[in-house]
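Take a look at the structure below.
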Amino acid sequence: MQYRKGCDGEDLSILAYGCMRFSKTNGRLDLEKAGQEIKEAIDLGVNYFDTAYAYSGSEALIGEIFERLGSRNQIYIADKLPHYLIKSASRLEKIFQEQLKRLRTDHIDYYLMHMLSDTETWERLKGLGIEEWIREKKESGQIRHIGFSYHGSPDMFCRLVDAYDWEFAMIQYNYLDEDTQAGKRGLHYAHEKGLPVMIMEPLRGGKLVDLLPEAAKRRIAENERGYSAAEWSFRWLWNQPEVTSVLSGMNSLDMIRENAAIASDARVNAFDDSDFALLRQVKADINHSMKVGCTGCGYCMPCPQGVDIPGAFNAWNTLYSQGKRAARLTYMQCTIFRHDPAGASQCIGCGACEQHCPQTIEIRKELKGAASDLENISYRVMKRLIKWFHIF
């Protein structure tokens with residue numbers, strides 16, 4: 001296993017364990033199987049484990065496993081505050097204490113604001129006293145490092161980085177999302193500010209492995225490197241020194257061993273021109289199969305009506321490549337899980353965006369298609385609930 005520097009110079013394994021996708025037996029998380037897998041990961045050098053209050057059963061499961069293994073002092077636990085459920089300081093404290101109890105620990109090493117969407121949401125939390133609360137928790141040692149996880153545009157990510165004295169951040173990043181989400185621009189901005197950056201969705205929910213177009217699969221199979229599709233994704237990330245640790249939702253011993261082996265071998269700046277060329281071709285194969293040819297460059301932004309145009313098109317493409325569930329979650333994240341809604345249906349057809357699109361996309365027309373496909377009854381109900389309860 002290789003390690004890179006986290007907060008305060010801590011050595012974090014470049015392969016992190018994402019604790020959201022443990023196997024289930026009879027509808028319940030399989031404690032024994034997960035225990036074997038976590039033990040194997042620790043034995044192979046993994047020391048960063050990421051969970052969240054919203055990951056049903058995950059905190060309690062890993063808390064019990066770490067207690068059984070006696071490994072709490074060998075590892076770093078990352079957990080997340082569901083700020084969207086917080087309406088008062090007392091609620092904030094209640095959830096945090098519940099997390100400590102579930103994890104069977106007296107402190108959380110890396111604590112994140114979960115899906116912090118924009119600066120307006122952060123201002124709301126400040127109004128509830130979040131800064132003072134964080135300061136108290138850090139002084140008591142119950143929280144060691146504070147950060148945030150993010151889904152959204154590069155511009156807002158950079159603004160959030162500057163909004164508080166964060167110690168680290170976590171972003172969705174992979175070779176397909178190089179120019180969407182926080183993207184390479186956000187990664188480099190955070191790194192320049194001295195923040196370790198953790199990576200989620202390195203395989204884009206399986207899209208960069210099992211759901212690749214046949215043309216892309218052939219290119220990878222015929223390449224002389226002999227890397228698997230997953231290996232190309234991991235190595236592309238670890239090729240970049242700005243990446244601190246990459247989360248993988250591992251749920252088999254074989255997967256853990258394979259990923260740990262790659263993490264022991266991958267090197268910074270090991271890619272040559274032919275490696276980058278292959279991934280550009282693979283990315284082109286993926287984009288060719290998409291609904292709309294948006295590259296996520298952001299030249300169409302900002303929209304006068306607040307529509308997240310690249311985010312909407314990314315979710316729409318996901319609908320046709322990964323299915324409804326992944327697409328609608330992605331769309332909710334970028335349009336209603338934020339202080340100011342940004343859905344495609346907000347478009348009034350002014351056309352300002354089309355003047356700047358280098359792909360000459362008929363954005364107004366395509367946004368109507370995206371809204372029709374993505375803003376179903378479940379989306380509209382969720383949007384109303386968020387508005388009624390002032391969740392974001």
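In this text the structure is predicted, and so the values were computed from the model without any measurement. In this chain, numbering begins with 1 at the start of the sequence shown. Side-chain atoms are counted along with the backbone in the values below, which use heavy atoms only and exclude waters and symmetry mates.
Ile286 places a side-chain heavy atom less than 4.5 Å from the side chain of Lys207. At least one side-chain heavy atom of Arg102 sits less than 4.5 Å from a side-chain heavy atom of Tyr53.
Residues His145 and Glu10 have side chains that bring a donor and an acceptor to within less than 3.5 angstrom of each other. Using a 3.5 Å distance cut-off with no hydrogens or angles, the side chains of His107 and Arg72 do pair a donor with an acceptor. Neither side chain, Asn314 nor Asn317, offers a donor N or O lying under 3.5 Å from an acceptor on the other. In this structure, a donor-acceptor pair under 3.5 Å is absent between the side chains of Asp155 and Ser153. Side-chain polar atoms of Gln305 and Gln346 form no donor-acceptor pair below 3.5 angstrom. Of the N and O atoms on the side chains of Tyr111 and Gln142, not one donor lies less than 3.5 Å from an acceptor on the other residue. For the 3.5 Å distance criterion, the side chains of Tyr3 and Asn47 fail to qualify, holding no donor opposite an acceptor.
Centroid-to-centroid, the aromatic rings of Phe157 and Tyr189 stay 6.0 Å apart or farther. With ring centers used as reference points, Tyr150 lies 6.0 Å or more from Tyr173. The six-membered or imidazole ring of Phe96 lies near that of Trp133, with a centre-to-centre distance under 6.0 Å. The aromatic ring centroids of Tyr110 and Tyr48 lie less than 6.0 Å from each other.
A pairwise comparison of heavy atoms in Met1 and Val46 identifies CE-CG2, 3.8 Å as the closest pair. A pairwise comparison of heavy atoms in Arg4 and Trp238 identifies NH2-O, 2.6 Å as the closest pair. The minimum heavy-atom distance linking Met115 with Ser149 is given by the pair N-OG, 2.8 Å.
Other residues, nucleotides and ligands contribute more than 12 heavy atoms inside 6.0 Å of the CE atom of Met255.
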Stepwise side-chain contact (heavy atoms from CB on, under 4.5 Å) check, Lys5 with Asp11 | CA-CA 5 Å; Lys5 296 301 180 183; Asp11 289 325; 2.6 Å; yes
Let me see the working for Arg124 and Glu120 under salt bridge (charged side-chain N to carboxylate O under 4.0 Å, His left out), right down to the final yes or no.
-> CA-CA 6 Å; Arg124 180 185 73 83; Glu120 289 82 0; over 6 Å; no
Check step by step if salt bridge (charged side-chain N to carboxylate O under 4.0 Å, His left out) holds for Arg159 and Asp118.
-> CA-CA 8 Å; Arg159 288 171 60 188; Asp118 49 40; over 6 Å; no
